[in-house]
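This report concerns only the one structure given below.
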Amino acid sequence: MGRELLSSQHRIAGSGRGSRIQAAAKEILAQAARPDRWGTLALMDISLRYRRTVIGPLWITLTLAATIASVGTVYAALFKQDIAAFLPPFAVGLIVWTLIATTLQEGSSIFVASGHLIKAVPAPLIVHVLQMIARNVLIFAHHLVIVVLLYIVMPWPLHGSMLLAVPGFAILLIVLLGGSVALGMLCARFRDIGTAIVSGLQFIFFLTPIIWTEDALRGTAFHCSRRCSTSCAGRCCRSRPIRSNGCSGRSMRSS
């Protein structure tokens, strides 16, 4: 009798959790299908934030463009990379990372920052998250002007596989939506998590393949071993320090 009672309680609790998850999923889908609501709020937020400015959110784009030009030129010289081959992927990676980092940072404090609206306006909480993501996506669209200008100045070959960026971007937005909701709930209870997220994202940036390339990490030894002649057999790579100009049989004899 006791076992039957416990099993029935577990079933009721499990069904309760399942119903809550289904209700939350339906609420998210229902609000996501109303872009006129959170989209308008995002546009109003941008217009109020950059009120009385001449170029509006393009100030952020100009700052990011200056960062790409300066940092990209320096790291291309440090890694001995062709700037025409290094700068475009660096620009795209930094633009996407800016979207990810900004969304997660603002998502961690979304419910705290929107506390006055949550108390004053009877609206689902997911609306505030969708508004924040829509605002960052609009700013991300402004940043794409940098990629277009780079393609005009230093064009690169286009491939059909680049179309995979469209579903990849959709998946990224879904992940950012879930991450923003989870971090927003955690930071509403534990305020220190928001500061830890900001510091952690700054550290993770240097671990991402944005400012470094595969060639730079492998070092010259990898390419040297491929260019070495059969007579060298890679001995000069092991006996001499790694240099950017590769190795040759003459360098082996001179050493």
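Nearest approach of C187 to I197, heavy atoms of both residues: SG-CD1, 4.2 Å. Counting all heavy atoms, side chain and backbone alike, L87 lies closest to I68 at CD1-O, 3.5 Å. Nearest heavy-atom pair, Q105 versus S108, reported as atom, atom and distance to 0.1 Å: O-OG, 2.6 Å. The shortest non-hydrogen separation linking W156 to V147 is CH2-O, 3.7 Å. In terms of heavy atoms, M154 sits closest to A84 at SD-CA, 3.8 Å. Residues L177 and I28 approach most closely at CD2-CG2, 4.1 Å, considering heavy atoms.
In this structure, the side chain of T208 engages the main chain of F205 through a donor-acceptor pair within 3.5 Å. Checked by atom type and distance alone, the side chain of W38 pairs as donor or acceptor with a backbone atom of Q31 at under 3.5 Å. Looking at S199, its side chain never comes within 3.5 Å of a backbone N or O of A196 through a donor-acceptor pair. Checking side-chain atoms of T103 against main-chain N and O of I100 turns up no donor-acceptor pair under 3.5 Å.
Linking Ile, Leu, Val, Met, Phe, Trp and Tyr whenever their side-chain heavy atoms come within less than 4.5 Å leaves V145 and M162 in two separate clusters. Linking Ile, Leu, Val, Met, Phe, Trp and Tyr whenever their side-chain heavy atoms come within less than 4.5 Å puts V153 and L64 in one cluster. One hydrophobic cluster, built from ILVMFWY side chains closer than 4.5 Å, holds both L94 and I204. Hydrophobic clustering (side-chain heavy atoms under 4.5 Å, transitive across Ile, Leu, Val, Met, Phe, Trp, Tyr) keeps L164 apart from F169.
No side-chain heavy atom of Q131 sits under 4.5 Å from any side-chain heavy atom of R37. You'll find the side chain of F140 stays beyond 4.5 Å of the side chain of T98, heavy atoms only. Contact check for I133 versus V129: side-chain heavy atoms found under the 4.5 Å cut-off. Side-chain atoms of L172 and V96, non-hydrogen and from C-beta on, do get closer than 4.5 Å to each other.
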* To do: Take E106 and N136 through the side-chain contact (heavy atoms from CB on, under 4.5 Å) test and state the conclusion after the steps.
  => CA-CA 10 Å; E106 294 183 359; N136 291 327; 3.4 Å; yes
* Asked: Step by step, would you call V148 with L144 a side-chain contact (heavy atoms from CB on, under 4.5 Å)?
  -> CA-CA 7 Å; V148 176; L144 293 180; 5.5 Å; no
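The number of heavy atoms from other shown groups lying within 6.0 Å of CG (D192) does not exceed 12. Around CE of M44, the count of heavy atoms belonging to other residues, nucleotides or ligands within 6.0 Å does not exceed 12.
Side chains of T61 and H143: a donor-acceptor N/O pair is present below 3.5 angstrom, by distance only.
A parallel orientation is assigned to the rings of F86 and F90, their planes being inclined by less than 30° (bins at 30° and 60°).
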